[in-house]
Amino acid sequence: MRRVTYAMSISLDGYIVGPDGGFDWTAPDDDVFRFWIDEIREVGVHLLGRRLYETMLYWETADQDRSLDVADREWTDLWKPLPKVVFSTTLSAVQGNARLVSGGLAEEIERLRAEPGEGDIAIGGATLAAEAAASGLIDEYRAMVYPVLVGGGIPFFPQSERRVDLELVETRTFGEGVVYLRHRVAR
């Protein structure tokens, strides 16, 4: 069965964006960006909320920018053809290799798990991940932790009163104090 993974860059105090909506502190250095490139190779389909989808739209046409470096081109070559499912009640259309869904996250995940296919089902965006977590659908949490305290904003982890036991699967340390943590949900 395909794993459902939730991966984002987060502040040490647990936020994916700060109180002002900014996330400039998550700009990856070359090693972290290389890591994300390698990670996306393991993804078969990416589920996104509206905000993350709109942020990632840049990569749908980035290959037209002649000033891109080799790593940016490699990311674009992987991201652009990757099937994406966008969950939104406000968008009327999506671009690239994406389809729009207005509801039914649990049903969509179960459908994707049941159909033939390889690669993880990746979830991007805290709101969408919180809904999946509330239904017990996330198999792995993957956090790229940055050494910054932003003091508030959108939390990486859903704020629920449900306990979830995790098993540490992998850690990796990058320059400038960035630490990758990968945990599997203990079932």
Side-chain angles (χ1 to χ4, degrees), residues 4-40 43 46-62 65 68-69 71-72 75-76 78-79 82 84-91 94-96 98 105 120-135 137-164 166 168-183 185:
V4 175
T5 63
Y6 170 42
M8 300 279 298
S9 295
I10 69 170
S11 63
L12 185 59
D13 55 348
Y15 297 95
I16 63 169
V17 298
D20 62 354
F23 54 95
D24 57 328
W25 45 271
T26 67
D29 66 15
D30 291 344
D31 290 338
V32 170
F33 193 48
R34 168 59 45 203
F35 178 85
W36 286 125
I37 289 170
D38 292 341
E39 284 287 299
I40 202 71
V43 174
H46 209 294
L47 313 181
L48 303 100
R50 179 194 52 82
R51 281 181 285 214
L52 184 59
Y53 167 75
E54 289 175 340
T55 299
M56 297 300 287
L57 265 178
Y58 166 78
W59 296 106
E60 295 299 327
T61 58
D65 182 350
L68 288 184
D69 64 22
D72 287 339
W75 173 266
T76 301
L78 294 166
W79 180 260
L82 180 67
K84 298 164 206 72
V85 179
V86 181
F87 290 81
S88 174
T89 57
T90 57
L91 293 175
V94 291
Q95 300 174 29
L105 174 63
D120 294 336
I121 300 168
I123 293 181
T127 303
L128 198 59
E131 183 180 340
S135 297
L137 297 172
I138 296 179
D139 299 308
E140 288 189 5
Y141 290 88
R142 301 174 179 185
M144 188 68 73
V145 183
Y146 282 77
V148 60
L149 303 174
V150 297
I154 299 174
F156 174 82
F157 293 104
Q159 303 300 308
S160 67
E161 300 200 11
R162 182 176 155 259
R163 176 179 166 154
V164 178
L166 305 172
L168 181 63
V169 175
E170 179 182 1
T171 64
R172 185 166 170 191
T173 303
F174 295 89
E176 300 183 23
V178 176
V179 177
Y180 173 72
L181 301 171
R182 179 176 156 214
H183 288 85
V185 174

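Treat the numbers as computed from the prediction; the structure is a model and nothing was measured.
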Distance check, rounded to the nearest 0.5 Å: [X] atom [atom1] versus [Y] atom [atom2]?
X	Y	atom1	atom2	result
Leu128	Leu105	CG	CG	5.0 Å
Met8	Ile154	CE	CD1	8.5 Å
Ile138	Ile121	CD1	CD1	11.5 Å
Ile10	Ile16	CD1	CD1	9.5 Å
Thr173	Leu181	OG1	CG	8.5 Å
Leu12	Tyr146	CG	OH	13.5 Å

Are the side chain of [X] and the backbone of [Y] linked by a donor-acceptor contact shorter than 3.5 Å?
X	Y	value
Arg162	Ala133	yes
Asp139	Val4	yes
Tyr6	Ile123	no
Asp13	Val150	yes
Asp120	Ala122	no

Evaluate the side-chain contact (heavy atoms from CB on, under 4.5 Å) criterion for residues Thr127 and Arg50: first the C-alpha distance (whole Å), next the side-chain angles of each, then the deciding distance (0.1 Å), finally the verdict. CA-CA 10 Å; Thr127 303; Arg50 179 194 52 82; over 6 Å; no
Student check: side-chain heavy atoms of [X] and [Y] closer than 4.5 Å:
X	Y	answer
Trp36	Ser9	yes
Val145	Phe156	no
Val185	Leu166	yes

Do Met144 and Phe35 pass the side-chain contact (heavy atoms from CB on, under 4.5 Å) test, and can you show the C-alpha distance, the side-chain angles, and the key distance before you say yes or no? CA-CA 10 Å; Met144 188 68 73; Phe35 178 85; 3.4 Å; yes
Tell me the closest heavy-atom pair linking Pro147 and Glu176, and the distance in Å.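 Looking at all heavy atoms of both residues, the closest pair is CG-O, 3.2 Å.
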Which pair of heavy atoms, one from Pro155 and one from Ala126, lies closest together, and at what distance?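 The answer is O-CB, 3.3 Å.
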Let me see the working for Gln95 and Tyr53 under side-chain contact (heavy atoms from CB on, under 4.5 Å), right down to the final yes or no. CA-CA 10 Å; Gln95 300 174 29; Tyr53 167 75; 3.7 Å; yes
Show your reasoning for whether side-chain contact (heavy atoms from CB on, under 4.5 Å) applies to Trp59 and Leu82. CA-CA 11 Å; Trp59 296 106; Leu82 180 67; over 6 Å; no
Are Glu140 and Arg142 ion-paired here, with the side-chain N under 4.0 Å from a carboxylate O?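 Looking at Glu140 and Arg142, the cut-off is met.
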Carboxylate-amine/guanidinium contact Glu60 Lys84, below 4.0 Å: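 Answer for the salt bridge query: yes.
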Taking the six-membered ring for Trp, are Tyr15 and Phe23 ring centroids under 6.0 Å apart?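 Tyr15 vs Phe23: aromatic centres not under 6.0 Å.
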What pairs of residues pass the salt bridge (charged side-chain N to carboxylate O under 4.0 Å, His left out) test when at least one of them lies in residues 23-36, not counting sequence neighbours?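 Sorted result for residues 23-36: Arg34-Asp38, Arg34-Glu74.
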Under the criterion side chain to side chain contact (heavy atoms under 4.5 Å, CB included), which of Ile40, Asp69, Leu68 is the partner of Trp75?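 Checked Ile40, Asp69, Leu68 against Trp75; only one passes side chain to side chain contact (heavy atoms under 4.5 Å, CB included): Ile40.
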